[in-house]
There are 2 protein chains.
Amino acid sequence: MVSSTVPPKAFIQQQNLAEQVADYLTQAIVKQHFLPGERLSEVQLSRDLGVSRAPVREAARLLESRGLLISKPRRGFFVRALNAVELEDVFDFRLCLERHAIHCLVGRYTPDAQRALKQQVEVLCEAAIGNDGTRRIEEDLQFHRLMLHYAGNERLLRAFNDLSHELRLCITLITKTHEAPDTIATSHFKLLDALDSGSPEACREAIDYHIGVARDSVVKGVGEIGVAY
Amino acid sequence: MVSSTVPPKAFIQQQNLAEQVADYLTQAIVKQHFLPGERLSEVQLSRDLGVSRAPVREAARLLESRGLLISKPRRGFFVRALNAVELEDVFDFRLCLERHAIHCLVGRYTPDAQRALKQQVEVLCEAAIGNDGTRRIEEDLQFHRLMLHYAGNERLLRAFNDLSHELRLCITLITKTHEAPDTIATSHFKLLDALDSGSPEACREAIDYHIGVARDSVVKGVGEIGVAY
DNA sequence: CGATTGCCGACTGTCGACAGTTTTACCACA
DNA sequence: TGTGGTAAAACTGTCGACAGTCGGCAATCG
């Protein structure tokens with residue numbers, strides 16, 4: 001073999017039908033093509049997507065475990081509708097995860113981690129300036145994923161990833177208001193500063209503030225979306 | 001209708017085959033009928049249980065989301081094998097959840113909650129004295145579930161329930177040593193005392209101690225169970 | 001004798017079909 | 001017009017079958 005620049009194989013692996021369906025459904029829900037509380041018919045979906053019901057079921061179960069769908073026995077799947085209380089719960093849970101994460105991270109804040117986070121904030125700022133709402137959200141989530149990652153607990157990261165789907169849902173659904181780029185920037189730079197300071201108290205304060213802002217902007221956006229399911 | 005003592009219908013609704021299979025698999029894994037790292041064949045299972053592969057697949061996916069199984073594409077499902085690092089992660093994650101929970105709970109510690117927790121500790125002590133290992137674990141988990149419940153965040157409770165399956169796995173697998181009943185009792189009474197005191201610091205200290213003890217007894221039990229999967 | 005290639009069995013991913021249940025549409029009747 | 005009951009339609013839960021893929025084994029080549 002001569003080729004030394006072969007891309008690392010991740011290229012080929014086409015994903016399952018189930019995963020493709022899951023991606024499609026996630027997109028459709030986030031983009032509100034399916035409304036909160038709406039019922040999803042397995043047969044209809046499988047017809048529309050040109051696959052059998054098996055992958056659809058599997059995808060639906062996956063999204064159920066991620067909190068995007070709810071299944072009622074013998075009734076089918078419904079798009080999750082978050083009420084005000086559940087919205088609070090989501091952000092409270094996020095606070096729980098990130099407080100712990102930043103607490104762990106400050107004790108092991110390597111130059112590597114520092115560099116990666118700084119860079120991601122820059123990418124995020126760029127996205128914010130570019131005024132691309134979807135990308136801004138993704139880069140924002142990615143920053144927090146990085147934080148969780150460098151906190152060093154894989155389990156914690158998994159929990160955040162699960163939550164992030166719900167989070168994306170809340171944010172996309174409710175806040176059409178693009179926050180000003182500099183607001184986003186400063187909010188994240190504060191986190192970096194707190195980490196640099198090495199003070200757990202400062203970190204705690206910074207993350208509380210950070211998530212509080214996000215929560216308020218979402219909660220204020222709508223008192224309640226969707227009702228029953 | 002005359003019969004006034006009809007059981008509240010939860011009786012009748014036999015759960016899905018999928019759920020039954022999930023319960024069976026969970027039991028089998030916890031009781032080590034399937035060893036960590038072992039591969040589970042869908043066909044074999046469906047033959048053994050007398051059902052088709054569909055419910056088996058569904059159950060396996062559920063257990064995957066709970067962290068009891070791991071799926072490799074086109075290879076099937078494997079019983080999760082926790083190494084030392086992952087074991088630490090599990091207890092660290094538990095600490096994350098329960099710290100937050102007790103922090104929330106102390107601010108809204110109603111007489112109802114107080115009563116329920118006290119009662120559950122008594123039930124737990126009873127189980128501990130009775131020397132029934134399995135029941136002791138279940139009642140212990142139930143106490144913590146109650147704590148999470150009264151903390152008032154449904155999302156938090158769900159996360160704990162997911163984690164509890166892994167937790168049960170660790171505990172059952174590793175600690176054959178039954179802790180002395182009075183150790184268990186005092187450890188839990190300390191939590192109640194801290195809550196009664198109303199001091200967040202005391203609560204934090206109590207929960208850190210409580211989980212630390214559990215973690216040590218598990219980690220010390222075995223440096224590593226299972227290796228690869 | 002070691003490494004590579006091709007074949008074989010086993011298994012997963014996917015499919016279409018059937019049965020029981022829930023929902024809906026409709027009609028008789030007050 | 002409103003109500004109650006019945007029948008049809010639609011859907012989910014479950015099943016067995018088929019095809020593509022993966023791992024292991026044997027035959028082949030260096």
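Chain letters run A, B, ... following the sequence lines, proteins first and then strands; every chain starts at 1.
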A:Asn153 and A:His100: side-chain donor and acceptor closer than 3.5 Å? no

Per-helix bend value, the helix from C:dC1-D:dG30 to C:dA30-D:dT1, C1' rotation axes over five pairs per end, 10° rounding, shows 20°

What pairs with A:Gln142 under side-chain hydrogen bond (donor to acceptor under 3.5 Å, both in side chains), at least two apart in sequence or on another chain? A:Arg145

Thinking salt bridges, do A:Arg155 and B:Glu86 make one under a 4.0 Å N-O criterion? no

Is the side chain of A:Arg39 donor-acceptor paired with the backbone N or O of A:Arg75 at a distance under 3.5 Å, no angle test? yes

Lys/Arg N to Asp/Glu carboxylate O, B:Glu166 vs B:Arg66, below 4.0 Å: no

Can you establish whether the number of heavy atoms outside A:Glu64 located under 6.0 Å from its atom CD is more than 12? yes

Walking along DNA chain C from 5' to 3', note the first and the last nucleotide with an atom under 4.0 Å from a heavy atom of chain B, and give both. C:dC11 to C:dT14

Below 4.5 Å, heavy atoms only, C-beta onward: do A:Leu97 and A:Arg94 meet side chain to side chain? no

Can B:Lys118 and B:Glu122 be counted as an ion pair, charged N to O under 4.0 angstrom? no

Within residues 48-56 of chain A, which residues have any heavy atom lying less than 4.0 Å from an atom of DNA chain D? A:Arg53

More than 12 foreign heavy atoms under 6.0 Å from CD of A:Gln119: is that the case here? no

Protein-nucleotides 9-11 of chain D N/O pairs under 3.5 Å:
| unit_1 | atom_1 | unit_2 | atom_2 | d |
| --- | --- | --- | --- | --- |
| D:dC11 | O3' | A:Arg39 | NH2 | 3.4 |

Less than 4.0 angstrom from a charged side-chain N to a carboxylate O is my criterion; do A:Arg135 and A:Glu139 meet it? yes

State which residues pass ring-ring contact (aromatic ring centres under 6.0 Å, His included) with A:His210; sequence neighbours excluded, sorted by chain then number. A:His144, A:His188

Between A:Glu154 and A:Arg158, is the closest basic N to carboxylate O distance under 4.0 Å? no

